[in-house]
Structure formats: C-alpha cells, structure tokens
Participant: 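Here it is, the structure in full.
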Amino acid sequence: MVRYLVTSALPYANGPIHFGHVTGAYLPADVYVRTLRMLGEEVLFVCGTDEHGVAITIGAEQEGKPYPQYVARWREVIKRTFDAFGIEFDIWSGTSICPEHRAASQGFFRRLDDRGWLLKKTSAQLYCTHDRMFLADRYILGTCTKCGYEQARGDECPRCGTWLDPLEMARKTRAVCKVCGNVPEQRDTLHWHLDLPALRDKGFGAWFQGRTWKPNVSGFIGNMLADLQPRPITRDMTWGVPVPEDRAAGETGKVLYVWFDAPIGYVSFTQQWAREQGRPGDWERWWKSPDTRLVHFIGKDNIPFHCLVFPSMLYGMDEGWTMPWQVPANEFYNLQGGKFSTSQNWTVPVDEFFAKYDAEAARFHLIASMPEAADSEWRWEEFQSTNNALLADAIGNLATRVLKFIEKNAEGRIPSLDPGHAEELDRCILGQCGEFGDPALHVLEFRFRRAAEELIRCAHVGNKFVNDLAPWTLRKTDPARAASVLNTACQWLAWMARWMAPFMPQKAQALWEMLGQTTRVAGERWPGLPVAGSWRVLPAGQRLGTVTGLFPKIEDATIQAEVAALEARRAAVAS
RNA sequence: GGCGGUGUAGCUCAGUCGGUUAGAGCGACGGCUUCAUAAGCCGUAUGUCGGGGGUUCGAAUCCCUUCACCGCUACCA
C-alpha cells in the first residue's frame, strides 16, 4: 500500500517568510496533501524551521539575543503566517528543538563515515579573531582583484561579476570581516567532506538518471553530476549539531554544516511525530519503505540540496532509505515587477494583509499564479481580478443566485427532483463539461494552475446551466421542472464545494454548510468527475443553512492604495 | 565566465516527440437576460509565437546564432 511523505523546505529561522515562499513550497504542498487525503491516501506532511548556521548566529548577536530565543521568535512568526494561510502540517518542529534531531543527524554522520563516504581534508580559510569565527566567502569584503571595485564580496564581485578567490583577495588587498570590519587572518582548519563523486559512481548517478524530473531539475543536476567535488559538511562554530565525539578524533568546535543537518530534519521531525503519536517505531514505515512516495516541495534555489546532496546521503546510508519520488521545484515568485526584498521593503506585510483580505482568496490567487514553469509575480491588480471576477462573480455569485432563489421561492429547502427530468437535466449540465479535467489529477501531476482553472470552469458550467434553464421563468409555467432544475443546481454546488476543499478549505466548508450539510467537507471522498445518474448527493427537502456571500469584492481604490503603499515603503528606505 | 529556466494577443499563461485558418482566462467592445455580490449567458476584435539564419513539402514546435529577463554557480541559506 502506497503512502505519501510530503515535505516543504524548512524555512530558515532568521526572518519572516513572504508570499514567494508560500506559493513556492508550502501552499502547493498543502493543496497536494489535502487532495491526497480526500482521495483516501495515507499522507504525512512534515515541516519545521531550519535553525542552525552562521547567518542565525550573526542575526542573533546583532539583536543581542541568545540563539534559541532568536530562533524561537522567528519560528513563531513563520508559523503564524502558515496558520493564517490555513497551511496545516502534521508535525511542525525545528532543528534546534526537535528532541530527535541531534541523534538522527549524528547517526547519519556515523553511518556515512562507516560506509566510507566521508573524507577529512585540511584547508586554509580566513578567520576573524574578533568574532572568533571562520568567515564564509560572502562575509569577506575587499577589493576586486580584477576591476578594483572596493566593496567586492569574497566569492564574487557584484560590479564585474568575476568569481573571486577570497584567499587571493586577502593576500593582495585589504579584505575585512563584513561583520566587524577587522582584518581576518589565514588559518588551517580540518573538515569532513561528503564524497559526492564516489556516491555518484557507486550508484547514485544511475539512480538519478533513471528517474524523470522537472526540466529545471534534470538539466541542472545532470550538469552538476558531471563535475562533482566532495562537499564539506562541517563548520567551525558552536551553534549546531556537534560532530559526534567518537568521530571527532580530538577535533573540537566542529558542528555539522547546516545544509547537512537541515534535511535530516525531515527524518527527525517524523520521528518526533511518531513518538508523539505513541508509536515511536512508526517512522521507519515512512522512511525505510519502497512503498513511500517522498515528495519534496521546494523553490528552485533548493534543487542541489534536495536532488543531489540529501538523496546522496540517503543513498549512501545503504539501509533501504526512502529516496525522493518527486521534487516539484517551483521557480521564483516576485512582487509587482520586483523581487520580494525585506531590506528594500518591497514586501506585502503579512499580518496587515490578513487583517484586510481573505486568506482563502489569497490562497487561490497564489495557486492560480504559481511559478510552475517560469518566474511569476504577485500583482495587486491581478489579485483583485481573481477575487472579483473569478471568486466573487463566478463561484460566489453562482451560490447566492441559486440559494437565494430557493430561499425566496422554495421555502429554503432543496427542491425535489422529478425522476422524469433527471436524465435530461444530467445531459444538460454534464454535456457542458466538454474537456473538463479532474482537478485532483492535475494536482497529482503538480499542475496546480491547471487545477485552479478547472475549478473556475466548474463554476462557469453551473452558471450556464442556470442561465439556459432559467428557473425564474419555468417557475411560472412548469413548477415541477423548475424544482428539478434547482435541485440539479444545488447538486452542482455540492460538487463544486468538494472540488474547492483542497484549495479553499474554509470557503468550501461554508458552501457545504449553506447547502444544509453538517459534516466536514474535507472528510468527504473526492468526487472526481460527475457521472450521469449517480452524481447527485443532496437529499430533496434538506433545509439550507444560512446563505451569505462567499467572497466580498475588493474595490479599485483599495488596490490603488496598496500599490501606493508598496511604492511608499520602498521610497522610504531609499531616501 | 559556466550551467539552467523563460521570452506566444493589452495582462496572465496553455500549446513544442513539426502538420489543417496559433488557443484559454482576464480586460475591451456588441447583443441577450434579470434569479443573484450591477452578477450571468452569447458573440466580436486583437498576435511579423523576442530578432536573424538554416533543415523541411510544411516550424511557435528541430538545428545554429543573437538579444532580453530570471536563477544557480556548491564553506549565506
């Protein structure tokens, strides 16, 4: 029996997440998971914050906060955004708080070492005696050895684009620590490296080539595979998972590199979940089974780690670990013509957003504009258009036009269906479906935008049916037939509610209840495509719930104000 | 610099194992309708498919070249 283990990239706990993150890695995963559940599949959805690494230590020190406190704050801020979007994980943890994380990470390290996949190498790096740390290339500022630009970073000159060697730059020019401004010194340091070329040659390469990937994954990784280097997996610092003492051989102050331990978070969080469920051993069913379909939702910046490094580690464990099944990496999501940028204040402040707008409308718009094949962006005008034209006019208005009519003319109960009309009305409405596709099938193929389109088509079909059959006219000439038409329209709404559930769970529930249902729509079986004769589920005579508008409209002036505010925030930073 | 992605109607995109007059939604315009959140339905218009060259009976779709935007380039994550 197949089961789905779904992960979303662990957000780094040193800042808020924005719409780009949400639509890239979290929302599609949530929709995928909700769809699978309605299809009756067994699913586990794992996420939490990535809390180690040097960027966090620097951020915490700048704020004068202990690392755990700094990280906890961002963990909470990030979670609040997910809650607002209705993104629900089965387990939400963090790499520094998950009780299982250290042992799991060290276990990977030991096992990979035992299997001979780890190499020890000594190399020279720049060390800041003031900050007492080795400096990552990007934390070194100096003069470009090529063009003379004085604010070049250790890895690359932002002006001429040249790749720089930080040691050479430090030798030839006055390079300083970006954090404190002092001149670093060169020191030798020993680090463990993951032997990626050996793993590739011993079978990982064949495994990768034997699977089909999205174009942005296969091209990129296929190229990297051709020119692999062993990759360092340790760092000189204290914040992180220590290299196991029994392997450190006297080396002190070494921790696992954040990118080594972060993806192990998927494993350790699963272990935590299993223990909290009272079945501690259950995690292995997820992580060591050929029946598990492991799906990593990520943005394209994470491709090397999820498609090369982490699966190489899993492969190197040689214990039958579950390998990634699909990695639906999205491209990037921008904002109104520019990149989301906290430093430039080119952002949508999320708390403000949710105070003013409907989170489910935002969910739908993000799905409908998701960067599946190419970068895309949030435009306020388009959000308005989606909300007004698609959600309010097409979907919401279909519900109110049918249900309010029933309230006024049919005592607020689902009208009866004359068996003599059923077959013809089925033809009328199902005949319009044309090349209708099942949204769930698109979701399973990670075509979320397409799935969103089908949902809108569903509403168009309902609207056309109501228009064509015009119950407001029929009611005067043939009341029984009018009742049958309205019954059919209600059945269609019930269909639409279930289709909406993975995308807009609360709105789907609201519509479900308006139709007089008291169950959870998310608990319904996914209905697939309607089949003549068997697609009606609502009993005639059922009392409707309270009928209200599902989606309020957004005024032009509101949107203009948002765009103006966006520009104003950026201008304030620039000045 | 290397590698990858993208470039198709005003906007957002679909379509690329080559094949009839290049599609959808939104927006625009015209007509119909009045149950509904002034919503709905029908119809119309719009494109040298980034530029150039080539292969072919035939190319948005294959090859070469060129331009633009974006990303990655592995000791920031």
Participant: Rounded off to whole Å, could you give me the CD1-to-C1' distance for the A:Ile221 and B:rG4 pair?
Facilitator: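 Distance check: A:Ile221 CD1 to B:rG4 C1' gives 10 Å.
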Participant: Scan A:Thr400, A:Thr546, A:Leu544, A:Thr548 and name whichever one has a side-chain contact (heavy atoms from CB on, under 4.5 Å) with A:Met514.
Facilitator: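 When A:Thr400, A:Thr546, A:Leu544, A:Thr548 are each tested with A:Met514, the side-chain contact (heavy atoms from CB on, under 4.5 Å) holds only for A:Thr548.
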Participant: Could you label the plane-to-plane angle of the A:Trp380 and A:Tyr357 rings as parallel, tilted or perpendicular, counting under 30° as parallel and over 60° as perpendicular?
Facilitator: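 Correct class here is tilted.
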Participant: If I pick the C1' atom on B:rG31 and the same atom on B:rA45, what distance separates them, to the nearest angstrom?
Facilitator: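 Between the two C1' atoms, the distance is 15 Å.
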Participant: Can you classify the ring geometry of A:Phe340 versus A:Tyr333 as parallel (below 30°), tilted (30 to 60°) or perpendicular (above 60°)?
Facilitator: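 Ring orientation of A:Phe340 relative to A:Tyr333: parallel.
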Participant: Would you check if A:Trp239 and A:Val71 make a side-chain contact, meaning some heavy-atom pair closer than 4.5 Å?
Facilitator: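 They are in side-chain contact.
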Participant: Pairs under 3.5 angstrom, nitrogen or oxygen only, protein versus nucleotides 25-31 of chain B, please.
Facilitator:
unit_1	atom_1	unit_2	atom_2	d
B:rC26	O2'	A:Ser385	OG	2.9

Participant: Partner lookup for B:rA68, please. Criteria are Watson-Crick or G-U wobble with both distances under 3.5 angstrom; report none if nothing qualifies.
Facilitator: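 Across any shown strand, B:rA68 pairs with B:rU6.
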Participant: Which is true for A:Leu550 with a 4.0 Å heavy-atom rule: it touches a base, it touches only sugar-phosphate, or it touches nothing?
Facilitator: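 Since a base atom lies under 4.0 Å of A:Leu550, the category is base.
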Participant: Of the options B:rG40, B:rC75, B:rU37, whose atoms approach the side-chain atoms of A:Asn467 most closely?
Facilitator: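 Of the candidates, B:rG40 comes closest.
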Participant: Applying a 3.5 Å limit to both distances, which nucleotide forms a Watson-Crick or G-U wobble pair with B:rU56?
Facilitator: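 Check on B:rU56: unpaired, no WC or wobble geometry under 3.5 Å.
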Participant: If we ignore hydrogens and angles and just use 3.5 Å, is the side chain of A:Thr23 paired with the main-chain N or O of A:Phe19 as donor and acceptor?
Facilitator: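 No: the side chain of A:Thr23 does not pair with the backbone of A:Phe19.
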Participant: For B:rG47, which nucleotide in any strand shown is its Watson-Crick or wobble partner with both distances under 3.5 Å?
Facilitator: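 Because no pair has both required distances under 3.5 Å, B:rG47 counts as unpaired.
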Participant: Determine whether the aromatic ring of A:Phe405 stacks with the base of B:rC35, defined as ring centroids separated by less than 5.5 Å and ring planes inclined by less than 30°.
Facilitator: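 Answer is no, no stack.
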Participant: Let me know which of A:Leu118, A:Leu119, A:Leu112 forms a side-chain contact (heavy atoms from CB on, under 4.5 Å) with A:Asp195.
Facilitator: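 Among the candidates, only A:Leu119 passes.
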